[in-house]
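For reference, the structure discussed in these notes is given below.
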There are 2 protein chains.
Amino acid sequence: MTGPQTSPTLDDVARAAGVSRSTASRAINGGSRVSPEAQAAVDDAIARLGYAPNRAARSLVTRRTGSIALVVPEPDARILTDPFLAGVLRGVSQALVGTDLQLVLLIARPDERPGGPARYLRSGHVDGAVVASHHREDRLEDQLADGRLPVVFVGRPFDDRNLPYVDVDNVAGGRTAAERLLGRGCRSIATITGPLDMTAALDRLDGWRAALEEAGLAADLVADGDFTVEGGARAMDRLLAEHPQIDGVFAASDLMATGAMQVLQAAGRRIPEDVAVVGYDALGAAERTSPRLTTLRNPVVEMVSAATAVLLDAVEGHPAPAAPRILVPELVEGGTA
Amino acid sequence: MTGPQTSPTLDDVARAAGVSRSTASRAINGGSRVSPEAQAAVDDAIARLGYAPNRAARSLVTRRTGSIALVVPEPDARILTDPFLAGVLRGVSQALVGTDLQLVLLIARPDERPGGPARYLRSGHVDGAVVASHHREDRLEDQLADGRLPVVFVGRPFDDRNLPYVDVDNVAGGRTAAERLLGRGCRSIATITGPLDMTAALDRLDGWRAALEEAGLAADLVADGDFTVEGGARAMDRLLAEHPQIDGVFAASDLMATGAMQVLQAAGRRIPEDVAVVGYDALGAAERTSPRLTTLRNPVVEMVSAATAVLLDAVEGHPAPAAPRILVPELVEGGTA
DNA sequence: TTGTAGGCGTTATCAG
DNA sequence: CTGATAACGCCTACAA
């Protein structure tokens, strides 16, 4: 019988402090144009009552929620062990330092109706959104293209409706990887791709293919992966079975490279003497292979942090820059190629 | 010049459909007591205008937000790399199937003021919260104990104020691990603990200690870890340097066991012949070591899914059960002990 | 089945 | 510096 179950309201605070709602409100927010006594009385009342402003009511009038969303339309929870997404999270967090904005992470749920996340985003729960790891069928581009909610994509969206995004030059990355293998003397070079419903995977494949064709080699040793260790291993299995003469592999993620290396080593191939391997990401996994993986640095944190900065600007009303910001991946030396 | 930047409101929909706000509202929600024509007109208007209800306004009157929070007061980097947290996420998702509730993931940010998450939770943004991976200094218990917001903890909270929680019997788990090592003939048994500001880590340590003392052995080979691969490796380094006679290790997580195994193998110790190892979790990492890790199954998904079910009941107004639900970890055979 | 009216808790405006 | 008062967008009796 200690009190009512309902939360105290601004009215309660005002009454307890012996001031008006307006004064209480001012004391709670800016604190400007409030007498010290009033301020103290309000602070005291807040503490006594355990008052917390009702954000629904507040955002109804301010049209601000004080939070932004990170949208990860990744259907499978296992993907959440991916270092790439860890980097994404870190990038956003980093850009939010000192902003007082809350981060709300939206992940896809398996059962969810297709429009779910988009509806949530557009119904005024957040002030803006960073979208990462999106797939072709998400159709998030369509659903968010009306510009009603500030959005920035991490990685070029499929349907480019002038949506702001930041990206890393994945074509250049794929090309650099292939060129490294060519430079090591490899002549039978395969690639293990990421999910082909993601632009990053397609771009890395394109870069790899271009380099091989320019070198006069066939670019047909392609196996689908899914950015996971297991997927990389399966892909390597298939490649090895069909093309035992392979002497070089570009895996479009370090996790897949890890799986591929396990399969190669289990098959008795020496790395890099028999088969050279180049990965992609340099987000930690490359340091745990033996030998240490030669890979390309994917500047995820910088990329996402830049994306978030653009978003914050947009939330403030500043238009996003016309040209997307594109970072460049650079080779990280290891012992596998 | 296609239209206003502001979102359409219920009023706009009603006007476009030629009905009143009430009718439009009814059509949007239950759909009961609405004529087919009115319903059709409203549906049409919604589609044409791209209307999405303003949740702030709605929740202001319904006192429901339609979303629940998963609170993980864990520094950003770890959350998406740790299989335990991936399991937590999966557990919540699973329990939310068919509910129409949105999941909002709240993670700690380094710069954040201590009370941040709690304030967010209590300010009416969500209907309830599942708290996982909480630490002693989070003080979330205090801040949420007033019962204003339905909350369920995953893992026994430090300050048990009759807060509802589900847990796994970590004492039993630590005991089982130690007994396995004893049964294998180990006499110099160490443990690598989790962060000691978490009840799960303390409990596993207690169980391990009890078993050793009952066997008449000293329980003093203890090294702090942090549930990560690197932390496990560092801890094993220390243990090995100070106590080279070690012949058994219980690592309180499989990730730490992985790191420990790497150090042991690098030091030339054979597993399990020279040193036996038991891990904890069985969430995937144990299958990737060589030899495969002997470990204890941590039923995270079940546990979290149960916690979420309790929370959903609480949100509906049903009180949480008096006694917490405690699951039991069971041994998973591997080749390391 | 439909419309009218009131209020949810907060901030913003504008006199005092 | 303070206090009425009017929105913000929506839901829900209640009356028609």
Side-chain angles (χ1 to χ4, degrees), chain A residues 4-43 45-46 49-67 119 122-127 148-149, chain B residues 4-43 45-46 49-66 119-120 122-127 148-149:
Chain A
Q5 185 63 281
T6 72
S7 292
T9 80
L10 184 59
D11 239 343
D12 300 327
V13 172
R15 198 160 5 207
V19 299
S20 72
R21 274 215 313 274
S22 321
T23 301
S25 176
R26 279 188 290 261
I28 288 166
N29 301 314
S32 83
R33 294 189 323 200
V34 176
S35 67
E37 307 85 69
Q39 182 74 49
V42 171
D43 288 346
I46 289 175
L49 272 51
Y51 168 78
N54 180 322
R55 318 260 312 215
R58 172 179 285 177
S59 80
L60 187 55
V61 37
T62 60
R63 291 150 173 295
R64 279 295 197 87
T65 66
S67 48
R119 243 204 342 278
R122 295 178 36 169
S123 62
H125 253 314
V126 295
D127 297 332
R148 217 169 271 171
L149 182 82
Chain B
Q5 184 64 281
T6 74
S7 292
T9 79
L10 183 60
D11 238 341
D12 300 326
V13 173
R15 198 161 6 211
V19 299
S20 74
R21 277 213 314 274
S22 338
T23 301
S25 175
R26 281 187 287 258
I28 287 165
N29 301 315
S32 82
R33 296 189 323 201
V34 177
S35 67
E37 308 85 68
Q39 181 74 51
V42 172
D43 288 346
I46 290 175
L49 272 50
Y51 169 78
N54 180 323
R55 317 252 326 207
R58 173 179 284 178
S59 80
L60 188 54
V61 39
T62 61
R63 288 152 178 292
R64 280 294 198 89
T65 65
R119 243 204 339 280
Y120 181 88
R122 296 178 37 170
S123 62
H125 253 313
V126 294
D127 296 333
R148 218 170 268 170
L149 183 81

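Protein atom CG of Asp11(B) is 12 Å distant from nucleotide atom P of dC11(D), rounded to whole Å. A straight line from CZ of Arg64(B) to C1' of dC8(C) spans 16 Å, rounded to a whole angstrom. Distance Arg21(A) CZ to dA12(C) C1': 12 Å, rounded to the nearest Å. In this structure, OH of Tyr51(A) is placed 10 Å from P of dG9(C), rounded to the nearest angstrom. Rounding to whole angstrom units, CD of residue Gln39(A) and P of dC1(D) are separated by 11 Å. Between the CG atom of Asn29(B) and the P atom of dC11(D) there is a distance of 5 Å, rounded to whole Å. Rounded to an integer number of Å, the gap from CD of Glu37(A) to C1' of dC1(D) is 10 Å. Rounding to whole angstrom units, CG of residue Asp12(A) and P of dG9(C) are separated by 9 Å.
Counting only heavy atoms from C-beta on, Thr9(B) has its side chain closest to dG9(D) among dC11(D), dA13(D), dG9(D). Candidate nucleotides dT2(D), dC11(D), dT11(C) were compared by shortest atom distance to the side chain of Arg58(B), and dC11(D) ranks first. The Leu60(B) side chain lies nearest to dC8(C) when the options are dC11(D), dC8(C), dT11(C). In the set dT2(C), dT11(C), dC10(D), the nucleotide with an atom closest to the side chain of Val34(B) is dT2(C).
Within the 4.0 Å cut-off from OP1 or OP2 of dT2(D), not a single side-chain nitrogen or oxygen of Ser20(A) is found. Within the 4.0 Å cut-off from OP1 or OP2 of dT2(D), at least one side-chain nitrogen or oxygen of Ser35(A) is found. Look at Thr62(A) and you won't find any side-chain N or O under 4.0 angstrom from OP1 or OP2 of dT11(C). At the phosphate of dC8(D), neither OP1 nor OP2 sits under 4.0 Å from any side-chain N or O atom of Asn54(B). Dashed line: the shortest gap from a side-chain N or O of Arg63(B) to OP1 or OP2 of dC11(D) is not under 4.0 Å.
Among the atoms of the strands shown, none is found under 4.0 Å from any heavy atom of Ala56(A). Within the 4.0 angstrom heavy-atom criterion, base atoms lie near Ser22(A). Residue contacts shown for Leu10(A) include a base, since a base heavy atom lies under 4.0 Å away.
The main-chain N or O of Val19(A) is never found under 3.5 Å from a side-chain atom of Thr23(A) such that the two would form a donor-acceptor pair. Judged by distance alone, the side chain of Gln39(B) and the main-chain N or O of Ala27(B) form a donor-acceptor pair under 3.5 Å. Of the possible donor and acceptor atoms, none in the side chain of Asp127(A) sits under 3.5 Å from a partner among the backbone N and O of Arg64(A).
At a threshold of 4.5 Å between non-hydrogen side-chain atoms, the residues Arg55(A) and Thr65(A) do not count as touching.
Distance CG/Leu10(B) to CZ/Arg58(B): 9.5 Å, rounded to 0.5 Å. Distance check, rounded to the nearest 0.5 Å: OG1 of Thr9(A) to CZ of Arg15(A) gives 7.0 Å.
The 5' end of DNA chain C is approached more closely, in terms of each residue's nearest nucleotide, by Gly18(B) than by the other of Gly18(B) and Ala57(B).
Side-chain N/O atoms of Arg26(B) and base N/O atoms of dG3(C) include a donor-acceptor pair closer than 3.5 Å.
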